[in-house]
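Bear in mind the structure is a predicted one, so any value in this text is a computation, not a measurement.
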Amino acid sequence: MQVGDAVSGVFFVLLACLVFWLTKDFRVMPGQNYGASFFPRTIAVCMGLMGLLLVLRGMRAHGAFRVTPGDWLRSGQHVVSFLLIVGVLVFYILMSDTLGFLITGFVSLLVLLLWLRGTAHWMQAVIVSVVCVLGMQLFFGEFLRVPLPWGILQPVAW
């Protein structure tokens with residue numbers, strides 16, 4: 001899929017506006033001339049300006065917003081794979097607080113591995129899913145102290 005510079009530029013301008021707006025309630029640090037919103041807003045302004053340059057460049061080169069669908073859109077398997085990845089992400093976002101990271105991550109990874117590698121490799125998919133999710137829990141949850149949700153496994157949280 002080919003996306004023209006003008007389309008990408010509009011995306012970056014909108015994303016910059018969203019970041020700028022979402023940081024409006026960040027607190028000001030006492031004794032500082034700037035608060036927690038300073039760096040995200042600085043990045044958002046730069047991203048917005050670069051997005052505007054992309055829009056201008058794309059309009060100058062092609063005169064319009066251009067999106068050309070790729071060959072993969074004609075393949076049912078590729079489209080289903082794309083939609084499955086989006087669905088797994090939505091599933092994780094909606095269910096991770098309830099089920100917890102371990103269960104949600106395991107199910108998400110297992111479903112993707114079974115679809116992308118095939119069900120003939122189901123044992124490898126289970127092993128890889130267990131090892132990866134436990135490794136991520138240890139690395140992020142224990143070493144980096146990222147608060148991963150335990151969900152229904154809260155009684156056995158370590």
From [X] atom [atom1] to [Y] atom [atom2], the distance as rounded to the nearest 0.5 Å:
X      : Y      : atom1 : atom2 : value
Ser8   : Arg57  : OG    : CZ    : 10.0 Å
Ser108 : Leu84  : OG    : CG    : 9.5 Å
Thr104 : Ile93  : OG1   : CD1   : 11.5 Å
Cys17  : Phe12  : SG    : CZ    : 13.5 Å
Ser129 : Leu134 : OG    : CG    : 10.5 Å
Leu54  : Met59  : CG    : CE    : 13.0 Å

Minimum heavy-atom distance between [X] and [Y], given as atom pair plus value:
X      : Y      : result
Phe106 : Val133 : N-CG2, 3.5 Å
Lys24  : Arg41  : CA-NH2, 3.0 Å
Val13  : Leu52  : CG2-N, 3.6 Å
Leu114 : Ala125 : CD2-CB, 3.9 Å
Val79  : Leu73  : CG2-O, 3.7 Å
Asp97  : Pro149 : OD1-CB, 3.8 Å

When hydrophobic residues are tied together by side-chain contacts of less than 4.5 Å, even through go-betweens, does [X] share a cluster with [Y]?
X      : Y      : result
Leu102 : Leu144 : yes
Leu116 : Val130 : yes
Tyr92  : Leu153 : yes
Ile43  : Leu22  : no
Val55  : Leu49  : no

Please state whether the rings of Phe82 and Trp72 are parallel, tilted or perpendicular, taking 30° and 60° as the class boundaries.
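Taking Trp72 first and then Phe82, their aromatic rings sit tilted (interplane angle of 30° to 60°).
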Under a 4.5 Å cut-off applied to non-hydrogen side-chain atoms, are Ser96 and Phe101 in contact?
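No. Closest side-chain heavy atoms not under 4.5 Å.
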Measuring only between side-chain heavy atoms, which start at C-beta, is Ile103 closer than 4.5 Å to Trp150?
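Result no, sub-4.5 Å side-chain heavy-atom pair not found.
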For Gln77, does the CD atom have more than 12 heavy-atom neighbours from other residues, nucleotides or ligands under 6.0 Å away?
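Incorrect, the count does not exceed 12.
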Is the NE2 atom of His121 crowded by more than 12 outside heavy atoms at less than 6.0 Å?
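For His121, atom NE2 is crowded (more than 12 foreign heavy atoms under 6.0 Å).
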Kindly say whether Phe20 contributes a backbone atom to a donor-acceptor pair with the side chain of Thr23 at under 3.5 angstrom?
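Side chain of Thr23 to backbone of Phe20, a donor-acceptor pair under 3.5 Å: yes, one is there.
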